[in-house]
Number of protein chains: 2
Amino acid sequence: MASQGAFTEIASLAGDPARAGMLHALMDGRALTASELAQAAHVTPQTASGHLTKLAAGGLIAVEKQGRHRYHRLASPAVARMLESIMQVAADARPRVIVTGPRDKALRAARTCYDHLAGHLGVALADAMIANRQIELTADAGIVTAEGASLFERLGIALETRKPERSKRILCRPCLDWSERRPHIGGALGAALCAHCLTAGWIRRVEGSRAVSVTTKGRQRFREYFAIEL
Amino acid sequence: MASQGAFTEIASLAGDPARAGMLHALMDGRALTASELAQAAHVTPQTASGHLTKLAAGGLIAVEKQGRHRYHRLASPAVARMLESIMQVAADARPRVIVTGPRDKALRAARTCYDHLAGHLGVALADAMIANRQIELTADAGIVTAEGASLFERLGIALETRKPERSKRILCRPCLDWSERRPHIGGALGAALCAHCLTAGWIRRVEGSRAVSVTTKGRQRFREYFAIEL
DNA sequence: GCGATACTTCGGCCGTGACCGTAACGTTCC
DNA sequence: GGAACGTTACGGTCACGGCCGAAGTATCGC
């Protein structure tokens, strides 16, 4: 089969510890410089450069030159989904020794997963919206109800229905959380929600991590709109 | 981060050519013996055995003893989704030399993707059901409409709504086809549909491949129920 | 122009891991 | 019991690929 070679190339690209560290660091959806990624992977800049070249050649990351910096980001949402699915299998088959460091704790509490929210916060949001009949989720798929749509309208979040034809239903993607083992909200809906939380100052990115922290305002708003106690 | 080690382990397990070949062979959802997998991966039985031990230890495959055979299958749908997502990235970043052999041709026409239908047939089915307003699909999610539910009832396919509570809507998972680059029907719905096609004799598995062939009866039924000309 | 910063390329060292041959082990069938 | 089949264990070879040091190429600020 012709596609097999490509498959092994992609998988082995992700299977190296240093490169995995870089991909991990890029999972929050932002673009990072080569030196930042070298630091994240605990290797020297030369080594990192080689890895980045390979990742770019394999189509996993995209590079953008800007002055003397080179910004690297995941090439597409498909790559993010791939990484997420690998993490899920990894977490699944792992009831082994789990060393929960303090940084891990923050990650488990709330983090971004490429472009949407994950961790305890992400799952709590999904749970709340399900309880409030604003969305419906299974392991496979999800939809936004009329109540959900009106909530987003109240929040000032524009949900561009990608299918303007005639279907009024809005769909979203469930994304199994590797720390909570339960689905949170992904897809375009999750991305819009996450973006709103950031711009409205409900949450803030934690420096040098995928973790996010909930602000006082955010705590209040989450209670107000979603009936979540954090 | 604690999870990173597990991530690299899983990815590098999949990143070896021989193991990738085996996983590929298991992608049709059936259980195969070690010798069959050795043949599929083009290695000696001893080598294959070592790989299978590792794959099992990593939680990618499950082993079942039966007489003097040992049947190996993918450990879970999550693993199948992971493989699929890797294939998708691999296909995505590959506008390179595509050597389309005769076997590839059959695969592109119709094949199983773990437990549901893919290839030209799979995409055609999805297209037809969308056109007939029996399902709605985006890249992220999908649902079955009332018309869709009644079709499945006519076909004698029981769709156990996994959420018996009160939601009458049935959800399904879109799965981006790596050969057609468009979504086909996955999830529980796709699995039920595929199983029905097999048991009703609409399609038949091609020996030693993930490809399936459409029978004369199948051609007729697909026209009758889905208005598809093959 | 100059040095400083950011990144890449080159060359050589070294460890990991895939592979096979041989051989042993365990089941099943006759 | 013994033959046939299938799987596992061990030892040795070999090649691929990661890693760093040193040197080379772009871009910024002065």
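Heavy atoms only: backbone and side chains are in, while hydrogens, waters and symmetry mates are out. We name chains A, B, ... by the order of the sequence lines, and we start the count at 1 in each one.
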B/Leu52 CG to D/dT8 P, in whole Å, measures 8 Å
A/Asp16: what forms a salt bridge (charged side-chain N to carboxylate O under 4.0 Å, His left out) with it, not counting sequence neighbours?
-> none
From CG of B/Leu37 across to P of D/dT8 the rounded distance in Å is 12 Å
Once you round it to whole Å, what is the distance between C1' of D/dT7 and CG of B/Leu55?
-> 16 Å
Any idea how A/His116 and A/His184 line up, ring-wise: parallel (<30°), tilted (30 to 60°), or perpendicular (>60°)?
-> tilted
Distance test, side-chain N/O of B/Ser49 to OP1/OP2 of D/dT7, below 4.0 Å = no
To the nearest Å, give me how far apart CG (B/Leu13) and P (C/dG17) are.
-> 11 Å
Under the side chain to side chain donor-acceptor pair (under 3.5 Å) rule, collect the residues that match up with A/Ser213, sequence neighbours excluded.
-> none
All ring pair (Phe, Tyr, Trp, His ring centres under 6.0 Å) counterparts of A/His42, not counting sequence neighbours | none
When rounded to whole Å, the CD to P distance for the pair A/Gln39 and C/dA6 reads 12 Å
List in chain and number order the residues that pass ring pair (Phe, Tyr, Trp, His ring centres under 6.0 Å) with B/Phe226, two or more places apart in sequence or in another chain; answer none if no residue qualifies.
-> none
Determine, for nucleotides 15-26 of chain D in 5'-to-3' order, which nucleotides have protein heavy atoms under 4.0 Å from the base (write B), from only the sugar-phosphate (write S), or from neither (write -).
-> ---SSBBB----
B/Arg70 side-chain N/O to D/dT8 phosphate OP1/OP2 under 4.0 Å = yes
With heavy atoms under 4.0 Å as the rule, sort B/Thr53 into base, sugar-phosphate or nothing.
-> nothing
Listed by chain and number, what are the ring pair (Phe, Tyr, Trp, His ring centres under 6.0 Å) partners of B/His72, not counting sequence neighbours?
-> none
